[in-house]
Amino acid sequence: MSKGILFVLSGPSGVGKNTVLDELFKNFDGVSYSVSATTRERREGEVEGEDYFFISEAEFKGIEAEDGFIESAVVHGHYYGTPKKFVDQKLDEGEDIILEIDTQGAKQVREKYPEAVYIFLVPPSLEELENRLDKRGSESDKSKNLRLKNARQELKEVHKYDYEVINDSLSDAVREIKKIIIKEQKRRDSK
Ligand code: 5GP
């Protein structure tokens, strides 16, 4: 039996990675979502074990010390990590997995899983990214400017990814990602 395919969806903060995946999963179950661990506060409506595993900094450090993450990063002042056990077990069982992680994390995954499929979600423009961060309303000016500055750096990394998807219209971006997943699955199945 062949191993599962690891898909990595990354891109700058505010580009809409989460929204795109939520929309994708509404009518597609061809890949399993890897739930990350984080030390940030749970937001209203988020479900433990579905959106994230919400853990303390001490717990996070403990898992890290036991090499329990395939990657981890500090994003906007909080720790985030991808649990290793779930990903490796599913891949070994031949199940395809998708990670939704920031670009620092994607860099680490690339070193360990060079055969994974890397998808970069880009905003239609930096102006539009700024609009989206404004709309989200959760960012102070300082934090927003930091995210925009980071985004400019992150966008320079796009050439390292296998696919670039522009998140202009949500439905187009979702369709594009679904197409990529199905194409890669067909390629694997024809081997
Ligand atoms: P949020 O807290 O808004 O859900 O996510 C903040 C950022 O952290 C997003 O860019 C998201 O992609 C990233 N993120 C979520 N989970 C992980 C993870 O496990 N590892 C890394 N490196 N980044 C993550």
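Both counts, for ligands and for their atoms, begin at 1 and track the order of listing. As a basis for the values below, the full set of heavy atoms in this structure was taken, side chains included, without hydrogen atoms, waters or symmetry mates.
In the model, Gln104 has no side-chain atom that pairs as donor or acceptor with a side-chain atom of Lys107 under 3.5 Å.
The closest donor-acceptor contact from the side chain of Gln185 to the backbone of Gly30 lies under 3.5 Å. In this structure, Ser190 contributes its side chain and Arg187 its backbone to a donor-acceptor pair below 3.5 Å.
The protein residues lying under 4.0 angstrom from ligand 1, judged by non-hydrogen atoms, are Lys17, Ser36, Arg40, Arg43, Tyr52, Glu71, Ala73, Val75, Tyr80, Gly81, Thr82, Glu100, Ile101, Asp102, Gly105.
With ring centers used as reference points, Tyr118 lies 6.0 Å or more from Phe7.
Pairs engaging residues 41-55 under the side-chain hydrogen bond (donor to acceptor under 3.5 Å, both in side chains) rule: Arg40-Glu46 [sequence neighbours left out].
Heavy-atom minimum distance, Leu24 versus Val174: CA-CG1, 3.8 Å.
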